[in-house]
There are 2 protein chains.
Amino acid sequence: MTECTPPECVVLGLIARHGAMTPYELKARVQESVDYFWPIPHAQLYRIPARLAELGLLQEETERTGRRRRVFHLTAAGRTALKQWLADPHAPEPETRDPAQLKLFFADLGDAGDVVALAREQAAQHRYWLELYRSRHAELNLSDKVGLVSRARILKLAILHEQAYVDFWESLSTDPDPDPLDPAGTN
Amino acid sequence: MTECTPPECVVLGLIARHGAMTPYELKARVQESVDYFWPIPHAQLYRIPARLAELGLLQEETERTGRRRRVFHLTAAGRTALKQWLADPHAPEPETRDPAQLKLFFADLGDAGDVVALAREQAAQHRYWLELYRSRHAELNLSDKVGLVSRARILKLAILHEQAYVDFWESLSTDPDPDPLDPAGTN
DNA sequence: CTCCAATAGTATCATTGATACGGTATCGAT
DNA sequence: ATCGATACCGTATCAATGATACTATTGGAG
């Protein structure tokens with residue numbers, strides 16, 4: 001039995017945490033939780049549960065009332081698959097894809113002012129996200145018992161990351177040409 | 001004329017920087033440069049230049065000697081497309097996909113020791129990458145004139161990021177249960 | 001001259017991402 | 001009661017992608 005892919009685990013995990021759900025509800029749960037560090041397009045949230053049901057990790061049941069939506073339950077096999085995934089401390093490396101970094105990397109092929117404009121824009125963007133994550137963190141409170149600790153931890157990392165971005169782009173926008181070999185700020 | 005996608009721009013950019021290339025050479029260039037912040041599977045490096053040639057941004061020429069490989073040249077249109085991309089300070093937001101963060105997020109559904117094991121493993125991994133990027137930065141020297149500054153800048157950001165990861169996972173592995181609402185380290 | 005490793009490229013196929021489209025419930029206003 | 005607006009809910013489609021397996025060429029080493 002081959003391991004689940006990350007998005008599959010998201011589905012399993014959310015259903016394990018919040019109980020049986022329709023794909024539509026999944027969509028909402030994803031948006032309010034993992035979306036910003038693991039986006040999943042909504043069409044996938046219909047395909048993935050179907051596949052997991054084939055594998056016996058979820059069980060599909062059709063509502064009898066009104067709209068007859070498809071509700072997916074976690075099975076015993078699903079729970080053990082999830083636990084197994086969680087118990088394995090190994091994880092593939094993170095992949096970051098940042099178009100701005102690409103532009104920076106090729107900046108020498110463009111015009112002189114491009115870097116500063118890019119840096120300013122990026123600094124502003126990342127300041128915005130930094131504030132967003134900070135305020136989300138501040139809004140956490142003990143009443144959302146489910147996943148409070150998880151949320152807090154993940155936000156902390158997001159904040160550290162955004163801080164790094166802000167530092168980087170701000171310093172680039174104020175001083176675009178330091179000695180490239182100077183290791184300042186790299187230790 | 002619709003804008004190029006990021007991987008297309010990578011191809012344009014590398015050819016602009018290093019001159020005409022075969023897909024195979026592209027593969028090597030990608031590996032030594034953008035690979036760690038914008039991986040491109042090698043099969044793509046055969047498909048993308050072909051598409052760019054259709055669009056008139058590259059021009060294909062077949063070697064006359066030996067293996068008759070397909071060499072791709074930058075056209076004038078290609079250069080302006082590249083410049084145009086670089087001149088636009090706007091860039092889509094970065095996407096980070098980190099399976100370890102996912103495991104952390106769902107950690108409450110697993111066993112108690114899982115988090116620490118995960119954190120230790122991740123801390124080790126990221127310490128490794130941090131050192132890798134630091135040493136690559138240290139190895140930069142003025143003789144590789146092409147793209148020196150770009151390389152240095154990108155490495156600086158990578159180092160900041162890895163530093164953030166290391167801080168995060170190390171603190172989690174030594175103190176897995178701080179007050180989740182305590183904003184320490186988040187300002 | 002032949003065999004190996006490195007080089008170079010192609011083929012295949014399920015999975016994605018993006019987006020457009022099609023139905024259904026709900027509720028207030030007429 | 002019914003009309004229409006608005007949210008709710010799901011499917012369909014299609015090209016692009018990722019992963020991997022496979023084929024072919026070449027240049028030495030022995």
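Residue numbers begin at 1 in each chain, while the letters A, B, ... track the order of the sequences. Values below: every heavy atom of this structure, side chains too, minus hydrogens, waters and symmetry copies.
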Distance, rounded to the nearest Å, where [X] contributes [atom1] and [N] contributes [atom2]:
X	N	atom1	atom2	answer
A/Lys27	D/dC8	NZ	P	9 Å
B/Glu25	C/dA6	CD	P	19 Å
B/His42	D/dA19	NE2	C1'	10 Å
A/Glu95	D/dT17	CD	P	14 Å
B/Leu55	D/dA16	CG	P	11 Å
A/Leu45	D/dC8	CG	P	16 Å
A/Arg69	C/dT26	CZ	C1'	14 Å
B/Gln31	C/dA8	CD	P	13 Å

Next item on the list: Please identify each residue that fulfils side chain to side chain donor-acceptor pair (under 3.5 Å) with B/Glu8, with sequence neighbours left out.
Entry: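 Testing B/Glu8 for side chain to side chain donor-acceptor pair (under 3.5 Å), a comparison that skips the adjacent residues, returns B/Thr5, B/Arg51.
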Next item on the list: Considering non-hydrogen atoms only, spot the tightest contact between A/Cys4 and A/Cys9 and give its length.
Entry: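 Heavy atoms only, the tightest pair is CB-SG, 3.4 Å.
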Item checked: Carboxylate-amine/guanidinium proximity below 4.0 Å for A/Arg136 and A/Glu139 -> no
Taking N or O atoms only and anything under 3.5 Å, show me the protein contacts with nucleotides 14-17 of chain C, one pair per line.
{"unit_1": "C/dT16", "atom_1": "OP2", "unit_2": "A/Gln44", "atom_2": "NE2", "d": "3.0"}
{"unit_1": "C/dG17", "atom_1": "N7", "unit_2": "A/Arg47", "atom_2": "NH2", "d": "2.9"}
{"unit_1": "C/dG17", "atom_1": "O6", "unit_2": "A/Arg47", "atom_2": "NH1", "d": "3.3"}
{"unit_1": "C/dG17", "atom_1": "O6", "unit_2": "A/Arg47", "atom_2": "NH2", "d": "3.2"}

Next item on the list: Determine yes or no for a side-chain-to-main-chain donor-acceptor pair under 3.5 angstrom, with A/Thr22 supplying the side chain and A/Val71 the backbone.
Entry: no
Checklist line | Parallel, tilted or perpendicular: ring planes of A/His126 versus A/Tyr165, cut at 30 and 60 degrees | finding: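 Aromatic pair A/His126/A/Tyr165 classed parallel.
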Next item on the list: Give a yes/no answer on whether the side chain of A/Tyr46 brings an N or O atom under 4.0 Å of OP1 or OP2 in D/dG10.
Entry: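 For D/dG10, OP1/OP2 do have a side-chain N/O of A/Tyr46 under 4.0 Å.
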Checklist line | C/dG9 OP1/OP2 closer than 4.0 Å to side-chain N/O of B/Tyr24 | finding: no
Next item on the list: Say whether A/Asp167 and A/Gln163, considering side chains only, have a donor N or O and an acceptor N or O under 3.5 Å apart.
Entry: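 Yes - a donor-acceptor pair under 3.5 Å links their side chains.
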